[in-house]
2 protein chains.
Amino acid sequence: MATRQRRTTIAEVAARAEVSPATVSRVMNGRFVGEAAVAERVRAAAAELDYSPSPLARGLALGTTRTVAFVVPDLANPAFQDILSALSKSAARSGYRVLVADSVESPSDELAIATEIRRRCDAIVLCAPRMPESVLAGAIDDLAPIVLINRPGTSANAPMLSIDYLTGIHHLAEHLYSLGHRRLAYVAGPGTSASDQYRRRGLASFTAEHPDVELVALTGGVSLDDGLAAAARVRDSGVTAALAFNDLVAIGLVHGLEDLGVTVPDDVSVTGFDDIPFARYNSPSITTASVPHEELGIQAWDRVAALVAGEEPGHSVQFQPRLELRGSTAAPTR
Amino acid sequence: MATRQRRTTIAEVAARAEVSPATVSRVMNGRFVGEAAVAERVRAAAAELDYSPSPLARGLALGTTRTVAFVVPDLANPAFQDILSALSKSAARSGYRVLVADSVESPSDELAIATEIRRRCDAIVLCAPRMPESVLAGAIDDLAPIVLINRPGTSANAPMLSIDYLTGIHHLAEHLYSLGHRRLAYVAGPGTSASDQYRRRGLASFTAEHPDVELVALTGGVSLDDGLAAAARVRDSGVTAALAFNDLVAIGLVHGLEDLGVTVPDDVSVTGFDDIPFARYNSPSITTASVPHEELGIQAWDRVAALVAGEEPGHSVQFQPRLELRGSTAAPTR
DNA sequence: CTGCCACGAGAAACCGCTTTCTCGGAAGGT
DNA sequence: ACCTTCCGAGAAAGCGGTTTCTCGTGGCAG
């Protein structure tokens with residue numbers, strides 16, 4: 001296939017404009033302070049040769065790549081897609097591009113992946129919910145500038161954006177409680193994930209407040225199929241309501257239950273988490289805790305931009321999920 | 001915040017191992033052919049200093065970045081997310097990373113974005129359905145190595161992976177026809193998009209074969225909200241079935257219709273396109289044409305890998321959508 | 001008329017790594 | 001004992017830019 005093309009270099013432009021490469025560089029970067037005619041000659045030569053500086057060479061000389069990494073456990077997860085989309089758009093406005101990677105194939109390599117990709121760019125937005133705190137703490141200096149996603153409570157010295165899963169699921173549980181539910185199931189996420197543990201802690205504080213509640217934790221997962229697979233377990237557990245790890249699991253669960261002849265919300269109420277667009281469009285629509293993923297992407301970029309500019313980044317923030325009461329929850333009928 | 005750290009360089013390793021940088025380079029790249037003791041000294045020094053070569057400098061010297069760009073109209077579209085996810089995973093296995101960009105904010109900049117991002121990496125996977133053929137043809141040499149997505153019929157000399165939208169929607173229409181539908185609506189996508197035009201052509205060939213069919217084209221879009229917004233127009237058009245541009249539009253449309261008291265599929269049948277996971281989980285589940293997005297991502301990487309290796313890339317292929325008959329279509333009741 | 005300064009632009013060093021070229025020394029052949 | 005050959009490893013030249021340093025020129029003041 002096509003011979004790998006050799007782009008025109010600064011030296012060629014310099015030769016054609018009969019100036020030195022240094023002058024071309026200055027003109028291209030607006031640092032030129034000399035005769036207008038010279039600048040014009042350079043610009044003309046550059047235009048004629050269709051020249052544009054090599055980002056690679058530029059990066060090496062300048063020590064900056066105008067690239068930021070985005071590392072998540074699983075790119076296929078819609079929640080991350082929304083963050084990525086917003087991050088990419090925000091970064092693009094500042095001329096930055098986003099380099100992506102996920103660690104779904106080997107969670108244990110999360111640190112290695114982050115370290116490797118970090119060297120290719122200026123900063124990293126890292127979502128590593130399963131990374132042990134000690135590992136993260138040891139790596140944070142190597143990875144800086146870094147913005148963390150969903151590591152509430154970390155001692156790492158880095159701006160962090162998170163979702164208050166604990167409070168969010170607590171509110172969902174309270175909602176179910178107020179409807180009259182007393183036997184609840186938690187269809188869990190990956191046990192190693194921090195966000196799963198925050199949900200468990202939220203539920204623990206909830207049950208502590210309500211001794212009359214019986215809560216059973218069931219194996220779940222993160223995907224539609226995981227929710228579908230959990231349906232039988234939920235039915236067999238005899239609960240009147242199930243709190244799913246996220247919306248995907250909730251939607252899968254709802255359909256799994258209906259396949260089994262269990263009606264939602266009449267027989268069993270179901271809640272999700274995230275408020276992905278489909279949560280609203282599902283039948284029944286899913287009661288969930290709404291998480292502002294785009295906002296997360298936008299603010300992640302704000303923090304990154306501040307860090308690479310050497311400024312103080314905005315504060316770490318914890319977004320409070322907003323309860324979206326929809327059709328998948330109702331008072332128990334038995 | 002943290003002082004921007006200076007990574008250890010090859011020179012420092014060389015000094016510590018008391019060899020030249022050239023030797024360190026050779027050892028690091030497995031090209032060393034000398035005393036084992038020297039290699040060991042280098043490895044030890046590298047380990048002690050926690051050295052790893054700068055990808056930037058390496059890229060400049062080698063003329064390769066081990067990065068591939070992925071440019072699409074809108075990263076938020078689930079179809080692209082699936083492709084990206086598969087592309088990223090495949091590329092990662094070969095040590096490549098994916099750089100992303102979307103042109104949603106300014107479709108006219110599509111070429112500029114592609115050109116810019118292309119310079120940062122070794123190849124590009126480009127999905128630019130709205131780019132005029134003449135523009136694409138003129139840019140293809142600049143962008144090579146390049147793999148195109150969804151540009152069937154392009155004269156560009158580049159491997160291309162596409163979906164046969166034309167045949168796919170034709171089959172969907174035939175399905176509706178066989179159910180007895182004679183008055184159909186097409187809830188269109190962006191008029192400028194090539195994939196919309198292929199759908200229109202597919203429908204044109206369908207109506208040509210069935211003169212008894214009345215087809216009306218309605219303004220639609222690409223998103224859930226676009227589908228929702230089209231509901232009233234579909235109802236008012238008096239058709240018994242609607243072919244939506246994609247699954248998102250179809251799902252939005254189904255819910256919009258039901259909000260208006262129109263039942264799917266009893267009053268109006270609806271079809272989608274893509275077979276995103278939610279199409280199956282919607283109520284009613286969406287009859288659609290299934291498109292293998294992950295496969296597209298995988299094969300895109302195969303082509304890229306071949307191109308950068310200087311090999312002949314696999315053939316361009318056109319994937320045939322597979323009809324998924326589900327609950328959103330049924331015989332007309334009036 | 002001389003001396004100083006400002007200014008415009010080039011030479012050269014550098015960013016960090018790879019690779020070709022080169023050279024000194026040891027091994028091997030006669 | 002001498003010359004050739006080979007081998008291990010360093011010196012140096014890029015890769016394509018940016019930036020500091022330097023220098024020659026022209027203008028202005030003394």
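Residue numbers begin at 1 in each chain, while the letters A, B, ... track the order of the sequences.
When heavy atoms are screened at a 4.0 angstrom cut-off, A/V24 is found touching no nucleic acid atom at all. Using a 4.0 Å heavy-atom criterion, one finds that A/S25 contacts the bases of the nucleic acid, with or without backbone contacts as well. At a threshold of 4.0 angstrom between heavy atoms, the contacts of A/L62 are confined to the sugar-phosphate backbone, with no base atom among them. Looking at heavy-atom distances under 4.0 Å, A/T9 makes contact with sugar-phosphate atoms alone, never a base.
No more than 12 heavy atoms of other residues, nucleotides or ligands sit less than 6.0 Å from atom CD of B/E18.
Distance A/I10 CD1 to D/dG16 P: 11 Å, rounded to the nearest Å. Atom CZ of B/R41 is separated from atom C1' of D/dG8 by 12 Å (rounded to the nearest Å). Rounded to whole Å, atom P of C/dA9 lies 14 Å from atom CD of A/E18. In this structure, CG of A/L56 is placed 14 Å from P of D/dC15, rounded to the nearest angstrom. One atom, CD of A/E35, and another, P of D/dT25, lie 14 Å apart when rounded to the nearest Å. Whole-Å rounding puts the B/Y51 OH to C/dG16 P distance at 10 Å. Atom P of nucleotide C/dG16 and atom CD of B/E12 are separated by 8 Å, given to the nearest angstrom. Here D/dG17 presents its P atom at 10 Å from CZ of A/R7, a figure rounded to the nearest Å.
Using a 4.0 Å cut-off, some side-chain N or O of B/R31 falls inside it from OP1 or OP2 of C/dT19. Regarding contacts with the backbone of C/dT18, a side-chain N or O of B/R58 is found under 4.0 angstrom from either OP1 or OP2.
Between the side chains of A/T65 and A/R120, no donor-acceptor pair of N or O atoms lies under 3.5 Å. No side-chain donor-acceptor contact under 3.5 Å links B/S54 and A/R119.
Across C/dG16, C/dA9, D/dG17, the shortest atom-to-atom separation from the side chain of A/P53 is found for D/dG17.
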- Message: I'd like to know whether B/D122 forms a side-chain hydrogen bond (donor to acceptor under 3.5 Å, both in side chains) with B/T64, so could you lay out the CA-CA distance, the side-chain angles of the two residues, the decisive distance to 0.1 Å, and finally the verdict.
- Response: CA-CA 6 Å; B/D122 299 347; B/T64 176; 2.6 Å; yes
What does the list of N/O pairs under 3.5 Å between the protein and nucleotides 20-22 of chain C look like, with a distance for each?
unit_1	atom_1	unit_2	atom_2	d
C/dT20	O4	B/R26	NH1	3.2

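Residue-to-nucleotide proximity on DNA chain D shows that, of A/T23 and A/A57, the 5′-proximal contact is made by A/A57. Each of A/S20 and B/P55 lies near DNA chain C, and the nucleotide nearest A/S20 is the one positioned closer to the 5' end. Each of B/V19 and B/L60 has a nearest nucleotide on DNA chain D; the 5'-most of these lies closest to B/V19.
A search for side-chain contact (heavy atoms from CB on, under 4.5 Å) contacts involving B/A92 returns B/R97, not counting sequence neighbours.
A salt bridge links B/D74 with A/K89; the closest basic N to acidic carboxylate O contact falls under 4.0 Å.
Of the listed residues (B/V68, B/I146, B/V304), just one forms a side chain to side chain contact (heavy atoms under 4.5 Å, CB included) with B/I124, and that residue is B/I146.
Side chains of A/E294 and A/I83 form no contact here, defined as non-hydrogen atoms less than 4.5 Å apart.
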